[in-house]
Amino acid sequence: DGVEKDLEKAYGLYHLSGFMKHLCGDPLYTPAMMKVARAYETGTHFKKDLKRAFSCFLTAAEHGNTEAMAKVGWSYSKGIGVKQDQTKAVDWYRKAADKGSASAQYNLACKYDDGQGVKQDKYEATKWYRKAAEQGKSNAQFCLGYNYYYGEGAKKDLQKAFKWYLASAKQGYVQAQYMVGEMYRAGEGTTKNYDHAKLWYTKAANQGHEKAQDELTYDKYFGFKKDKDSKTALKRLTQAAQKADKYAQFLLGSLYEKGKHVDAEGKLLLIERYNKAMDWYTKAHRNGHKAASKAGARVTKKSLKSYLGR
């Protein structure tokens, strides 16, 4: 405790006298300032003080430390240790990005993507996502894949989308794993391969990705290859749903909503299908399926329109 108090007292004297700033004029001393900043940020050695942490990061940034520049940008963006200022966040992200910081490049891309602190520019966002992606940043790789997939800030290119989604997926990025599964299943940007689709859906599902688990549930009962008897599959699915399997319940709700597999003879009225869909979505929601509530609201709206004849 005595050592900690002495360190804090010593830092206070240096800080007030401007001695630290003088030392940081020599790049060799900025790593020391970064250590002090992190100590205040985390409460290690010093009492946690985010304002002082920011002050230290800013000092190091002003003397050319790239990591500190990115940290200052983050602090301004989130309002951590300093008043939130998106314009200043962009300025510091750009300085760090220009010096090759992958995290700053990604964050700068996000600012352009969302129009925070800078005029929205999807093409500029793609440019910075690409720079970060090429340095191996998984979230940037996913966003670059997204832009190529949907043609946002880039010409739509499914092969490039698949390339970057796969790069991100291989690093364990769960949303990318799901999209790789989707693209293998549909044969988008790559050769259709149901086994590969199932592999990537499974990886995503193992990380808690709900949509991936929904797709695996469909494959379990009906098969991606459509090689299973629909009547038998529906019977097994219904049995699972009745046993409170939330994924089976959600899938059953989806099938009733779409009129797929559940009414081969066309005996159900549209309003009857929607009612059954709402019933299963409600049960799935009660059992913890996160998307079921939104799905139920969607079907309720459809049901109302159907009832009113619109």
Side-chain angles (χ1 to χ4, degrees), residues 114 142 146-147 149-152 156 158 161 165 174-188 192 194 197-198 200-202 204-205 207-310:
D114 299 333
F142 172 79
Y146 179 97
N147 283 8
Y149 187 86
Y150 290 101
E152 289 192 6
K156 186 169 183 175
L158 293 179
Y165 277 145
V174 64
Q175 292 94 329
Q177 292 174 337
Y178 170 75
M179 284 306 302
V180 169
E182 288 280 274
M183 294 185 81
Y184 267 126
R185 183 179 175 183
E188 293 182 316
K192 185 180 288 187
Y194 293 122
K198 186 174 180 178
W200 286 104
Y201 281 142
T202 300
Q207 291 198 69
H209 196 285
E210 199 169 59
K211 285 186 178 180
Q213 185 58 62
D214 289 334
E215 299 302 340
L216 290 172
T217 301
Y218 182 87
D219 179 55
K220 176 180 178 181
Y221 293 101
F222 296 96
F224 293 147
K225 300 177 183 179
K226 300 178 181 178
D227 55 355
K228 297 180 181 179
D229 179 70
S230 293
K231 288 185 178 180
T232 302
L234 182 61
K235 182 179 180 180
R236 291 177 56 237
L237 177 64
T238 303
Q239 289 172 342
Q242 289 170 341
K243 293 179 180 178
D245 181 329
K246 63 182 179 181
Y247 295 108
Q249 291 170 336
F250 184 82
L251 176 56
L252 202 51
S254 177
L255 295 179
Y256 273 111
E257 179 184 358
K258 298 172 183 176
K260 188 176 181 180
H261 298 306
V262 293
D263 189 24
E265 298 177 359
K267 292 182 178 180
L268 290 174
L269 296 174
L270 184 61
I271 192 70
E272 291 177 315
R273 278 204 295 105
Y274 286 159
N275 286 338
K276 286 182 177 292
M278 284 190 287
D279 182 49
W280 286 115
Y281 281 145
T282 299
K283 290 177 179 178
H285 171 66
R286 288 174 179 169
N287 283 311
H289 195 293
K290 295 177 182 177
S293 178
K294 185 176 180 179
R298 180 181 65 242
V299 175
T300 299
K301 188 175 181 179
K302 287 182 178 181
S303 181
L304 182 60
K305 285 184 177 181
S306 175
Y307 179 76
L308 296 174
R310 294 179 182 178

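In this chain, residues are counted from 1 in sequence order. Computation of the quantities below employed the complete heavy-atom set of this structure, encompassing side-chain atoms and omitting hydrogens, waters and symmetry-equivalent molecules.
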For the [atom1] atom of [X] and the [atom2] atom of [Y], what is their distance to the nearest 0.5 Å?
X    : Y    : atom1 : atom2 : value
L234 : L251 : CG    : CG    : 9.5 Å
L216 : Q213 : CG    : CD    : 5.5 Å
K283 : L252 : NZ    : CG    : 9.0 Å
E210 : T217 : CD    : OG1   : 10.0 Å
S293 : R298 : OG    : CZ    : 11.0 Å

Requested in this report: In sequence, state the C-alpha distance, the side-chain angles, and the governing distance for L270 and Y274, and then conclude on side chain to side chain contact (heavy atoms under 4.5 Å, CB included).
Outcome: CA-CA 6 Å; L270 184 61; Y274 286 159; 3.6 Å; yes
Requested in this report: Apply the test side chain to side chain contact (heavy atoms under 4.5 Å, CB included) to residues Y149 and E188: give CA-CA distance (whole Å), side-chain angles for both, the deciding distance (0.1 Å), then the verdict.
Outcome: CA-CA 9 Å; Y149 187 86; E188 293 182 316; 2.7 Å; yes
Any donor-acceptor N/O pair, [X] side chain to [Y] backbone, under 3.5 Å:
X    : Y    : answer
T202 : K198 : yes
R185 : Y194 : no
K228 : D219 : yes
D279 : N275 : no
Q249 : A241 : yes
Y281 : S254 : yes
Q175 : F142 : no

Count the heavy atoms belonging to other residues, nucleotides or ligands that lie under 6.0 Å from [atom1] of [X], then report whether that count exceeds 12.
X    : atom1 : answer
H209 : NE2   : yes
R286 : CZ    : no
K220 : NZ    : no

Query raised in the report: Which heavy atom in G181 sits nearest to a heavy atom in W200, and how many Å separate them?
Result: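 Reported closest heavy-atom pair: N-CB, 3.8 Å.
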**Report entry** Exercise: identify the closest heavy-atom pair between V299 and A277
**Finding:**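 In terms of heavy atoms, the two residues are closest at CG1-CB, 4.1 Å.
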Requested in this report: Evaluate the side-chain proximity of K301 to K305: yes if any heavy-atom separation is below 4.5 Å, no if none is.
Outcome: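 Sidechains of K301 and K305: in contact.
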Requested in this report: Flag the pair F224 / Y184 as yes when their ring centroid distance falls below 6.0 Å, and as no otherwise.
Outcome: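 Here the rings of Y184 and F224 have centres that are no less than 6.0 Å from each other.
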Report task. Verify the distance criterion only: is there a donor paired with an acceptor across the side chains of Y165 and E182 at less than 3.5 Å? Result ->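 No - no donor-acceptor pair under 3.5 Å links their side chains.
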Query raised in the report: Between Y247 and H289, how do the two ring planes meet: parallel, tilted or perpendicular, split at 30° and 60°?
Result: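 Aromatic pair Y247/H289 classed perpendicular.
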Report task. Show your working on side chain to side chain contact (heavy atoms under 4.5 Å, CB included) between F222 and L237 and close with a plain yes or no. Result -> CA-CA 9 Å; F222 296 96; L237 177 64; 3.9 Å; yes
Requested in this report: Carefully, step by step, assess Y178 and Q207 under the rule side chain to side chain contact (heavy atoms under 4.5 Å, CB included).
Outcome: CA-CA 10 Å; Y178 170 75; Q207 291 198 69; over 6 Å; no
Report task. Please step through salt bridge (Lys or Arg N to Asp or Glu O under 4.0 Å) for the pair D263 and K267, ending with a clear verdict. Result -> CA-CA 7 Å; D263 189 24; K267 292 182 178 180; over 6 Å; no
